[in-house]
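Step one of this worksheet: look at the structure below.
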Amino acid sequence: MARILITSALPYINGVKHLGNLAGSMLPADVYARFNRAAGHEVLFICATDEHGTPAELAAIEAGQTVAEYCAEQHDIQKRVGQGFSLSFDWFGRSSNRPNRDLTQHFADVLEDKGLIDERTSKQVYSVDDKRFLPDRYVEGTCPNCGYEKARGDQCDNCGTLLDPIDLKNPYSSVSGSRNVEIRDTRHLYLLQSKMQDKVRAFVDARAKDWPNLTTSIAYKWLDEGLIDRSITRDLSWGVPVTRNGSPRPGFENKVFYVWFDAPIEYIGSTVEWAEATGANWERWWRTDKGADDVTYVEFMGKDNVAFHTVSFPVTILGSEESWKLVDKLKAFNWLNWYGGKFSTSQKRGVFMDQALELLPGDYWRWYLIANSPESSDTAFTWEGFKAGINSDLNDVLGNFVNRITKYAAAKFDGKVPGGGEPGEHEAWMADELAARLPQLIAHYEAMEFRKAAAETRAIWAAGNEYITKSAPWTAYKSSVDQAAVGIRTGLNLVSLFGIIAQPIIPETAKKILDALNIPEANRSFPLEKPDKSGYPALLNALPAGMPIQVPPQLFTKIEDAQVAEWTTRFGGG
RNA sequence: GGUGGGAUAGCUCAGCCGGUUAGAGCGCAGGACUCAUAAUCCUGAGGUCCCCGGUUCGAUUCCGGGUCCCACUACCA
């Protein structure tokens, strides 16, 4: 039994996430966690809200709340929405909680002890009326290159030129619109990443063979350009206070650590929260000197996050020279687009997680988003594709199969697994299908190829329909009840198996199926033992004869054209 | 601008470390069946593999150039 630590990229606190965020980290991480649990491994699945930074402060102001109130409320909302999608986090923490604060301050202390932190002075735009320093992108003005009047301080959206906010003509604060802005000196801590270049490269070299192309190419790009010392503090009030050996750091009383420094540390912090709440031991997951040396650590994230996880966070971990667990496998995703364009909060383009749950149960979305996972390139969400996938895969192939078999068993065999008869050529064909397909399904999950895992799952369900067409127990029943019994017995075993392999992707539906067949919890694990060909027929004859079964409630409802039309109007698709 | 990723059937995507007829699902057309949620099963039609060159006996695949889309570019997270 392996021990697997799984983290999903932390959703930012600033509002409910859209389907793209779900599809690009939290959902595939959950599917992987569920697969590994069903495979009998010891899994710890950790996530949290990432709560610090300027956007959280501004959103709180807009909402008329303190930042603490705002974050607490948003955290609860995101947690509840996550539960609606059956995200099976062992803990869903908060980066603003004490464990992350303590760990972040600890890492800063250790890194400074190792000579990896300096104080430096830099210049930054200060908005007098907003009473705050402004990140580059919150300063707007006229582009010196093209004259566009709403260029951001980091980049002009009109001509694409990279800018420094100091270069903008007629600069103003995008927070308030005030033109009362000035350049001020400010003092910050810098993490000397340049000194860690060789160690990080050695780390990436050692892991590269286990990482997909998307991951390694991004990591090497940063390394080849050379790591740059970066500031890890900010002039904000909401965040982890800057301390030195437990006391406020002189000159930094009104500063906090930069959100990107503390956010990945929250993977550990959230685990500490979990341990404190449950009495578990967190160090055996994170400290290689305290039992974590046999842990495989797997991270899930969108492609925009890869550099921070392959380079920046390893700088923190490696620089500490302490025995922390480093990432082993890193699964990165491209974007889920909305009809070929981007999901957009400001333009209200696309569906957000809470809205999705108002329309349909979580399993519907889980299936579509995994079957269309943006693994190798950006992928477009369309209502038409969503409707087709749900109606065909879930309703027709799986739902109808479960229904036709269980109803027939209820009607003709008294709601029991029928005994009698002997398996023949059709059952042998089905066993061969399983012998070919189940190992592939498992291989896809182990390789974290989720789109292929969904396709293989569907193919196995479809093979069940093909089998029952070949064996045609309703025809056999007229001449031989025993022969019909073989078909329905095999069919019921397939229903059970289909429920088991459905667990990672559509867990709520899988539970309905397995509960209806009275399958004990202990018998719901993935068929991992990879028997030789002669072993697969046993999978088709596992349920004891005479065992009572129920017809489950209708598992899915079809999506109608009228609904697609309504949703397209409401959410701006097309 | 730089770096990286992508472009394959009407749609969403596999695949090709060079090699007979380029695949899947959906959609579409025809047929079969009737246990089942008008579901299922079988068959079929549909492609200048973005463009231009090069290497090669042979290129969708490798190389160069171009076009378009996307990400990152270190102070959004």
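Lettering follows sequence order; numbering is per chain, from 1.
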Under 4.0 Å, heavy atoms only, any strand: does [X] hit a base, just the sugar-phosphate, or nothing?
X	result
A:G491	nothing
A:Y220	nothing
A:G399	base
A:N14	nothing
A:N465	sugar-phosphate
A:E384	nothing
A:A462	sugar-phosphate
A:N403	base
A:W222	base
A:F556	base

Original post:
Quick one: are the ring centres of A:Y267 and A:H309 less than 6.0 Å apart?
Top reply: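 A:Y267 vs A:H309: aromatic centres under 6.0 Å.
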Subject >> Within the 6.0 Å centroid threshold, strictly below: A:W260 and A:F308 >> reply: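 Yes.
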Just the rounded figure in Å: distance from [atom2] of [N] to [atom1] of [X].
X	N	atom1	atom2	result
A:I232	B:A77	CD1	P	14 Å
A:D396	B:C35	CG	P	18 Å
A:Q483	B:C35	CD	C1'	15 Å
A:I460	B:G25	CD1	C1'	15 Å
A:W461	B:A39	CH2	C1'	16 Å
A:Y190	B:C75	OH	P	8 Å

**OP:** Scan side-chain atoms only and decide if A:R451 and A:T379 contain a donor-acceptor pair under the 3.5 Å cut-off.
**Re:**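 Result is yes, a qualifying pair exists.
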**OP:** Answer yes if the side chains of A:Y220 and A:D205 hold a donor-acceptor pair under 3.5 Å, and no otherwise.
**Re:**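 Judged by distance alone, the side chains do pair up.
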Original post:
Would you call the rings of A:F386 and A:Y368 parallel, tilted or perpendicular, where under 30° means parallel and over 60° means perpendicular?
Top reply: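 A:F386 and A:Y368: perpendicular rings.
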**OP:** Take the angle between the ring planes of A:W383 and A:F571 and call it parallel below 30°, perpendicular above 60°, tilted in between.
**Re:**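 Answer is tilted, since the angle falls between 30° and 60°.
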Nearest-angstrom distance, [atom1] atom, [N] to [M]:
N	M	atom1	value
B:G46	B:C62	C1'	30 Å
B:U21	B:A45	C1'	15 Å
B:G18	B:C49	C1'	14 Å
B:G53	B:U60	P	13 Å

Kindly say if [X] contacts the phosphate of [N], meaning a side-chain N or O under 4.0 Å from OP1 or OP2.
X	N	answer
A:R458	B:C26	yes
A:K452	B:G15	yes
A:K387	B:G27	no
A:S392	B:C26	yes
A:K407	B:U37	yes
A:Y467	B:U40	no
A:T469	B:C42	no

Could you check whether the side chain of [X] and the base of [N] have a donor-acceptor pair of N or O atoms closer than 3.5 Å, going by distance alone?
X	N	result
A:K412	B:C35	no
A:N400	B:A36	yes
A:Q124	B:C75	yes

Original post:
If you draw the axis of the six-membered ring of A:F333, does the NZ or CZ of A:K331 fall within 45° of it and under 6.0 Å from the ring centre?
Top reply: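 Checked: cation-pi criterion met.
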Original post:
Does the ring of A:W474 lie flat against the base of B:C35, closer than 5.5 Å centre to centre with planes under 30°?
Top reply: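 Check passed, A:W474 stacks on base of B:C35.
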Subject >> Residue whose closest nucleotide on RNA chain B lies nearer the 5' end, A:E466 versus A:W260 >> reply: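 By nearest-heavy-atom nucleotide position, the 5'-most residue is A:E466.
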